[in-house]
Number of protein chains: 2
Amino acid sequence: MSESRPRIVPEATVARLAVYLRVLAGLADGGRSSVSSGELASAAGVNPAGLRKDLSYLGPCGVRGVGYSVAGLRERLTEVLGGERSRPCVLVGIGRLGSALADYAGFASRGFEFVGLLDSDPRTVGTEVGGLPVHPAEELEAVVARTGATIGVITTPAEVAQTVCDRLVAAGVRSILNFAPVALTVPAGVDVRKVDLSVELQVLAFLDQQRDGSAPVVAALRADAREPVR
Amino acid sequence: MSESRPRIVPEATVARLAVYLRVLAGLADGGRSSVSSGELASAAGVNPAGLRKDLSYLGPCGVRGVGYSVAGLRERLTEVLGGERSRPCVLVGIGRLGSALADYAGFASRGFEFVGLLDSDPRTVGTEVGGLPVHPAEELEAVVARTGATIGVITTPAEVAQTVCDRLVAAGVRSILNFAPVALTVPAGVDVRKVDLSVELQVLAFLDQQRDGSAPVVAALRADAREPVR
DNA sequence: AACCGCTTGTGAACGCCTGAACAAAGTCGC
DNA sequence: GCGACTTTGTTCAGGCGTTCACAAGCGGTT
Ligand SMILES: NC(=O)c1ccc[n+]([C@@H]2O[C@H](COP(=O)([O-])OP(=O)(O)OC[C@H]3O[C@@H](n4cnc5c(N)ncnc54)[C@H](O)[C@@H]3O)[C@@H](O)[C@H]2O)c1
Ligand SMILES: NC(=O)c1ccc[n+]([C@@H]2O[C@H](COP(=O)([O-])OP(=O)(O)OC[C@H]3O[C@@H](n4cnc5c(N)ncnc54)[C@H](O)[C@@H]3O)[C@@H](O)[C@H]2O)c1
């Protein structure tokens with residue numbers, strides 16, 4: 001009867017849903033009560049048709065001829081994207097990047113709470129970052145067990161990232177966000193997402209060079225150009 | 001004959017090429033002189049066949065029966081991904097995240113050099129971060145013009161990101177890496193890449209919930225549980 | 001010199017995602 | 001109450017990226 005058909009949501013769509021949710025939060029703060037797909041898509045930087053398709057995975061949640069209820073859609077998206085309950089996260093490697101993350105208010109407002117900060121440097125252990133004490137790396141398993149954290153964030157040097165990852169997984173963490181420039185190996189059932197800032201810059205550099213079009217290499221890659229030298 | 005086929009490199013491939021380049025650097029440090037696609041793919045966390053296809057966009061650059069020359073492939077990738085020349089970058093918004101980026105050694109070693117740090121906070125202006133002085137935000141245009149920077153990194157609060165972006169573009173920057181949680185609008189010919197950490201966490205939360213919430217149902221659908229229903 | 005094993009390079013099929021056009025449906029105005 | 005307009009939800013086609021599988025080519029060996 002009530003066919004709550006569990007449609008599979010593509011991961012690319014899930015990422016965009018998170019963006020829509022943030023835009024909706026801004027609209028709600030602005031006092032808006034409804035939005036059209038066009039307006040929402042514009043604010044999110046995507047195609048209106050694509051946005052409607054994304055939302056259609058959640059079943060009909062708009063009103064034809066009017067648009068979407070800001071409050072209603074926000075609630076629905078929050079529900080789909082992992083509930084409104086606070087998700088405990090542990091952060092390993094409280095260096096420059098780790099400190100910035102731990103101190104960032106934007107995560108807590110979206111339900112992500114750092115419940116454990118860990119580092120191996122004795123000079124860092126014991127200090128407070130973002131109102132939380134930094135624990136020694138040896139207590140990783142204990143912290144995960146005590147807090148029930150299911151998300152782990154790795155901001156350690158690359159050399160130890162795999163080891164830290166293994167320990168997180170063994171302790172029960174099943175979702176990992178990795179900032180270290182290495183490909184982590186994890187058993188099935190564990191999800192890893194990688195943020196690689198060097199790669200982002202490198203892609204920009206490539207696009208830059210491709211635009212310039214003067215370099216020989218680019219000429220070889222262009223549609224109808226022949227390699228001039230060599 | 002030298003048939004210069006019209007090959008365009010997909011952006012997804014470019015991103016992976018950057019990863020291969022980093023892995024090759026590590027192999028070179030380890031004294032290796034050649035690698036197979038399988039080994040390289042394993043270290044990069046991708047499919048071997050996909051890796052070979054990625055490299056095939058650059059034309060034949062391996063030796064059949066042997067593998068790839070570490071030094072040779074490294075040189076070729078460096079060339080394709082934007083040359084070896086140092087690329088000047090400006091960084092706007094020297095807060096927690098911006099400071100971490102400015103202080104990071106991993107960028108300089110890959111040819112990215114921060115030549116200008118800018119902030120609007122009088123308390124930050126004049127200080128040194130990563131060996132560079134922080135300039136007042138008003139000097140953005142002057143700094144870009146003087147340094148010839150073509151890449152801009154935005155780590156300001158979201159409210160001012162679009163304004164900063166507009167000024168960067170007007171000053172001649174054509175590649176932008178944006179950490180602020182807003183969709184930037186830029187004219188054609190300017191490339192923007194966005195790093196959205198909140199979205200990454202939200203996707204992990206979704207995968208987490210998907211695992212937990214429908215565990216009994218999904219268990220049968222997961223790859224490692226291919227047994228039919230008993 | 002010819003054979004053999006190994007690895008690359010590539011062609012083709014498959015699946016996923018994106019972009020656009022169209023029909024359904026609800027509301028506002030009269 | 002009814003018509004017309006607006007906006008959603010869906011369907012369809014196209015492109016892109018990924019994966020598999022196999023032929024081609026090179027080095028080493030006899
Ligand atoms: N800072 C950046 O802008 C930036 C950019 C791109 C990538 N990254 C990557 O992010 C990671 C962190 O960068 P960072 O600049 O913050 O480095 P960092 O050296 O400032 O911080 C690393 C921290 O990890 C801690 N650590 C080392 N081994 C550990 C262990 N076994 N267990 C727990 N903690 C341990 C160190 O004590 C240190 O505090 C690195 O892998 C780096 O390559 C950083
Ligand atoms: N820190 C994190 O972990 C994190 C995570 C996700 C996203 N972000 C995003 O990255 C951005 C920066 O985050 P942060 O934590 O470093 O914030 P921050 O407040 O520590 O730093 C922002 C800096 O930008 C400067 N600034 C403000 N207006 C400016 C202007 N017009 N011109 C130049 N500089 C200006 C401020 O003086 C400040 O130094 C924000 O948009 C934030 O949402 C940060």
Side-chain angles (χ1 to χ4, degrees), chain A residues 3-5 7-20 24 27 32-70 72-73 76-77 80 183 199 203 220-221 223, chain B residues 1-20 24 27 32-70 72-73 76-77 80 183 199 203 221 223:
Chain A
E3 36 201 304
S4 59
R5 181 164 290 277
R7 296 192 238 188
I8 335 172
V9 184
E11 199 160 305
T13 291
V14 173
R16 283 189 296 269
L17 291 181
V19 176
Y20 306 154
L24 284 171
L27 288 172
R32 295 288 303 276
S33 64
S34 80
V35 263
S36 68
S37 65
E39 192 178 359
L40 198 53
S42 169
V46 300
N47 187 298
L51 180 138
R52 291 199 296 275
K53 191 174 185 66
D54 284 340
L55 294 182
S56 76
Y57 285 109
L58 319 179
C61 46
V63 182
R64 301 188 185 214
V66 176
Y68 299 91
S69 155
V70 171
L73 185 55
R76 184 95 183 88
L77 283 180
V80 170
V199 166
V203 172
L221 294 173
Chain B
M1 289 296 292
S2 72
E3 334 152 14
S4 66
R5 267 160 297 193
R7 303 195 206 179
I8 356 174
V9 184
E11 198 160 305
T13 291
V14 174
R16 283 189 297 268
L17 292 181
V19 176
Y20 306 154
L24 284 171
L27 287 173
R32 294 288 304 274
S33 64
S34 81
V35 262
S36 68
S37 65
E39 192 178 0
L40 199 52
S42 169
V46 300
N47 187 298
L51 180 139
R52 290 198 299 272
K53 194 168 191 65
D54 284 340
L55 294 182
S56 76
Y57 286 108
L58 319 179
C61 46
V63 182
R64 300 185 185 219
V66 176
Y68 300 91
S69 154
V70 171
L73 185 55
R76 185 94 183 90
L77 284 179
V80 170
V199 166
V203 171
L221 297 174

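A, B, ... follow the sequence lines: proteins, then strands. Residue 1 opens every chain.
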>> Counting the atoms with a prime plus P, OP1 and OP2 as sugar-phosphate, which does Gly62(B) contact under 4.0 Å by heavy atoms, base, sugar-phosphate, or nothing?
In response: sugar-phosphate
>> With a cut-off of less than 4.0 Å, is there a side-chain N or O of Ser37(B) near OP1 or OP2 of dT7(C)?
In response: no
>> Would you say Tyr68(A) places a side-chain N or O within less than 4.0 Å of OP1 or OP2 belonging to dG9(D)?
In response: yes
Separation of [N] [atom2] from [X] [atom1] (nearest whole Å):
X: Leu55(B); N: dG17(D); atom1: CG; atom2: C1'; value: 16 Å
X: Asn47(A); N: dG9(D); atom1: CG; atom2: C1'; value: 15 Å
X: Leu73(A); N: dT7(D); atom1: CG; atom2: P; value: 16 Å
X: Asp54(A); N: dT8(D); atom1: CG; atom2: C1'; value: 14 Å
X: Tyr57(B); N: dT18(D); atom1: OH; atom2: P; value: 8 Å
X: Leu51(A); N: dG9(D); atom1: CG; atom2: C1'; value: 12 Å
X: Lys53(A); N: dA13(D); atom1: NZ; atom2: C1'; value: 11 Å
X: Glu11(B); N: dG17(D); atom1: CD; atom2: P; value: 9 Å

Which heavy-atom pair separates [X] from [Y] by the least distance, and what is that distance?
X: Cys61(B); Y: Tyr68(B); answer: O-CD2, 3.6 Å
X: Leu58(B); Y: Arg76(B); answer: O-NH2, 3.1 Å
X: Ala43(B); Y: Ala183(A); answer: O-CB, 3.7 Å

> Does Arg64(B) make a side-chain donor-acceptor contact with the base of dT8(C), cut-off 3.5 Å?
Replying inline: yes
>> Need to verify one output field. Residue with the more 5' nearest nucleotide on DNA chain C, Arg52(A) or Arg16(A)?
In response: Arg16(A)
>> Can you tell me how far apart NZ (Lys53(B)) and CG (Asn47(B)) are? Round to the nearest 0.5 Å.
In response: 11.5 Å
>> Taking the minimum atom-to-atom distance to the side chain of Ala12(A), which one of dT18(C), dT8(C), dC26(D) wins?
In response: dT18(C)
> Are any non-hydrogen side-chain atoms of Asp54(A) and Val46(A) less than 4.5 angstrom apart?
Replying inline: no
